[in-house]
2 protein chains.
Amino acid sequence: MSSAPAHEPAHEPATAELAVSTVIFALHAEPSSELPSLWLPLVRRTREPFEGQWALPGGWLPVDEELGKAAARTLNETTGLTPKYLEQLYTFGALDRSPGRRVVSVVYWALVQSDEAARAAEGENVRWFPADDLPELAFDHNLIVDYALWRLRTKLEYSRIAHAFLGETFTLAQLREVHEAVLQRPIDPANFRRTIEASKTVIATDEYLAGTPHRPPRLYRFDSTVHSANGDPADLGPLGRATPGKAS
Amino acid sequence: MSSAPAHEPAHEPATAELAVSTVIFALHAEPSSELPSLWLPLVRRTREPFEGQWALPGGWLPVDEELGKAAARTLNETTGLTPKYLEQLYTFGALDRSPGRRVVSVVYWALVQSDEAARAAEGENVRWFPADDLPELAFDHNLIVDYALWRLRTKLEYSRIAHAFLGETFTLAQLREVHEAVLQRPIDPANFRRTIEASKTVIATDEYLAGTPHRPPRLYRFDSTVHSANGDPADLGPLGRATPGKAS
DNA sequence: CCAAAAGTGTTCATGCTACACCCATGC
DNA sequence: GCATGGGTGTAGCATGAACACTTTTGG
């Protein structure tokens with residue numbers, strides 16, 4: 001499958017339309033509980049089908065634009081956000097997902113920094129929703145969000161993507177809060193500290209966060225030199241890929 | 001994103017062409033060593049670009065065909081095979097992957113039963129190659145195969161897909177040989193037995209394989225009632241998805 | 001009875017969980 | 001000095017790797 005397939009059928013190339021959309025996650029502090037939780041921005045459809053309903057930001061794929069670029073651009077045009085993490089999620093192409101036409105959508109998922117999300121434009125046609133309590137969305141977008149949520153939660157457990165929600169430096173308590181918010185489960189601070197330190201993905205700075213009512217916590221930064229081992233074919237660089245050990 | 005994106009740009013739907021291709025894996029016994037290893041069928045291109053070079057089986061996506069169906073059909077048309085396992089791998093859409101045109105390829109990967117692969121047609125334009133020693137393929141197909149290989153090996157460790165290489169019933173030694181062939185590493189038979197039995201994915205029959213020179217091994221069959229927890233959005237059924245426990 | 005694979009038992013190391021405890025700071 | 005979160009120590013349990021050992025068959 002790359003460009004032209006090995007076998008070219010008699011009929012001309014398919015006329016299915018190609019779109020790109022993105023599921024964007026950020027952490028917002030809950031108004032009530034203080035605890036942060038996952039939110040995502042949606043866009044109101046201004047035409048049929050599904051006019052008036054909420055949908056994922058996206059757009060048609062221009063012939064001369066890379067898939068990931070198109071995702072980042074449409075995301076930015078509609079929400080004003082710039083993602084710190086962006087990865088392909090899945091390609092949805094069921095025949096009945098758009099009434100009357102065949103649309104194949106390459107879907108990405110993105111993480112944005114919390115304070116940037118707070119600055120983000122909200123308006124009549126763009127609004128943030130709690131990821132676990134969405135209205136009925138246009139097309140198959142509820143299914144897509146569910147899948148993206150599952151991917152985020154699964155991936156957080158074995159990969160180190162939590163820093164995409166945070167700034168340059170952060171305390172381990174902040175990092176732990178991200179994990180707790182995404183996984184919706186309290187985490188033992190002592191064990192979390194050791195797990196993160198053992199993972200070598202984080203570097204201690206000699207700075208401490210001031211202004212806390214109690215003992216000032218040390219600030220850390222992420223070690224960008226460690227290879228992500230992401231699951232994206234792009235990671236399959238010249239040096240190959242780290243394969244974890246296996247059981248018998 | 002589903003069908004029509006929430007934001008419809010001024011220009012008409014993109015004119016990128018949509019293709020579907022599949023990386024097909026089967027186990028062949030090595031002529032020399034007796035040990036089985038991974039092989040895959042490739043198709044020779046009969047026109048430009050890359051005329052004469054080997055490529056993954058695939059074809060253009062018809063407007064009225066599901067993505068997975070198209071993968072299974074093109075796979076069967078070119079190689080005569082019917083996969084026991086088929087899953088979407090990734091969508092490749094780099095601008096330069098096909099000279100002169102923009103082709104976006106939704107790529108699947110498939111596993112076929114070993115004895116069916118042995119019966120498969122081989123000809124002037126279809127040939128099997130060892131997965132770890134491929135020639136230079138058309139387009140970006142080498143990258144795609146590398147990625148599919150990584151996915152297969154990674155997934156075999158946490159999912160139970162090895163049975164797709166085997167028939168209805170099999171011995172634990174056969175199942176272990178599949179793991180050893182894919183992971184290219186010897187596995188302790190005693191520990192493998194316990195791991196598989198603990199996973200509850202396999203059911204003991206009361207039959208034994210006859211004709212061995214030594215003690216006859218028990219035959220097992222796969223338990224199709226256990227939910228695969230695959231990583232495919234389709235698995236995200238009405239009952240949700242099993243989320244494994246997490247550490248602190 | 002011997003060889004060889006099937007199948008069982010046991011030990012050891014490792015990693016994670018739970019939780020007790022000390023440290024440093026603002027008030 | 002006291003409350004509180006930062007940070008360290010450690011024992012218990014589960015998992016899995018290594019490997020000794022018993023069982024069952026064909027020759």
Side-chain angles (χ1 to χ4, degrees), chain A residues 29 33-36 154 156-160 162 166 169-181 183-221 243-248, chain B residues 34-36 154 156-160 162 166 169-181 183-221 243-248:
Chain A
S33 63
E34 291 295 302
L35 296 168
T154 304
L156 193 69
E157 310 231 8
Y158 66 89
S159 182
R160 302 298 167 187
L166 300 170
T169 61
F170 47 85
T171 69
L172 290 187
Q174 290 170 336
L175 188 64
R176 177 170 49 83
E177 274 165 24
V178 170
H179 277 81
E180 290 178 333
L183 302 177
Q184 300 177 295
R185 156 164 45 100
I187 296 173
D188 184 299
N191 296 333
F192 182 78
R193 164 180 302 275
R194 274 181 294 248
T195 303
I196 294 296
E197 279 169 349
S199 78
K200 302 277 192 181
T201 51
V202 107
I203 302 172
T205 71
D206 7 343
E207 292 166 278
Y208 293 82
L209 182 62
T212 61
H214 304 296
R215 172 172 175 179
R218 184 187 283 271
L219 287 170
Y220 290 79
R221 78 175 61 253
T243 319
K246 174 60 190 76
S248 80
Chain B
E34 289 296 302
L35 295 166
T154 303
L156 193 69
E157 310 231 8
Y158 66 89
S159 182
R160 302 297 168 187
L166 299 171
T169 61
F170 47 85
T171 68
L172 291 186
Q174 288 170 336
L175 188 64
R176 177 170 50 83
E177 274 165 23
V178 171
H179 277 82
E180 290 179 332
L183 302 177
Q184 300 177 297
R185 154 164 48 97
I187 296 172
D188 184 300
N191 296 332
F192 182 77
R193 163 181 304 274
R194 273 181 297 249
T195 303
I196 294 296
E197 279 169 349
S199 77
K200 303 276 191 184
T201 51
V202 108
I203 302 173
T205 69
D206 16 355
E207 292 165 279
Y208 292 81
L209 182 63
T212 62
H214 303 297
R215 174 174 173 177
R218 185 186 282 270
L219 286 170
Y220 291 79
R221 77 175 61 252
T243 320
K246 176 59 191 79
S248 80

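The figures that follow rest on heavy atoms only: side chains count, while hydrogens, waters and symmetry mates do not.
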Rounded off to whole Å, could you give me the CD-to-P distance for the B:Glu207 and D:dT25 pair? 16 Å
Distance, rounded to the nearest Å, where A:Ile187 contributes CD1 and C:dC19 contributes C1': 17 Å
Contacts satisfying salt bridge (charged side-chain N to carboxylate O under 4.0 Å, His left out) that involve residues 170-180 of chain B (not counting sequence neighbours) are B:Arg176-B:Glu180
Keeping to residues at least two apart or across chains, list the salt bridge (charged side-chain N to carboxylate O under 4.0 Å, His left out) pairs with something in residues 208-221 of chain A. A:Glu168-A:Arg221
Just by distance, do the side chain of A:Glu157 and the backbone of A:Thr154 share a donor-acceptor pair under 3.5 Å? no
To the nearest Å, how far apart are B:Leu209 CG and D:dG26 P? 12 Å
Write down the distance between CD (A:Gln174) and P (D:dG7), rounded to a whole number of angstrom. 12 Å
Quick one: which residue pairs count as a salt bridge (charged side-chain N to carboxylate O under 4.0 Å, His left out) with a foot in residues 195-209 of chain A, not counting sequence neighbours? A:Arg193-A:Glu197
Detail all sub-3.5 Å separations between protein N/O atoms and N/O atoms belonging to nucleotides 5-12 of chain C.
| unit_1 | atom_1 | unit_2 | atom_2 | d |
| --- | --- | --- | --- | --- |
| C:dA6 | N3 | B:Arg215 | NH1 | 3.2 |
| C:dG7 | OP1 | B:Arg218 | N | 3.2 |
| C:dG7 | OP2 | B:Arg193 | NH2 | 2.8 |
| C:dG7 | O5' | B:Arg193 | NH2 | 3.2 |
| C:dG9 | N7 | B:Arg194 | NH1 | 2.9 |
| C:dG9 | O6 | B:Arg194 | NH1 | 3.4 |
| C:dG9 | O6 | B:Arg194 | NH2 | 2.9 |

List in chain and number order the residues that pass ring pair (Phe, Tyr, Trp, His ring centres under 6.0 Å) with A:Phe170, two or more places apart in sequence or in another chain; answer none if no residue qualifies. A:Phe222
With sequence neighbours excluded, tell me which residues meet side-chain hydrogen bond (donor to acceptor under 3.5 Å, both in side chains) with A:Thr201. A:Ser199
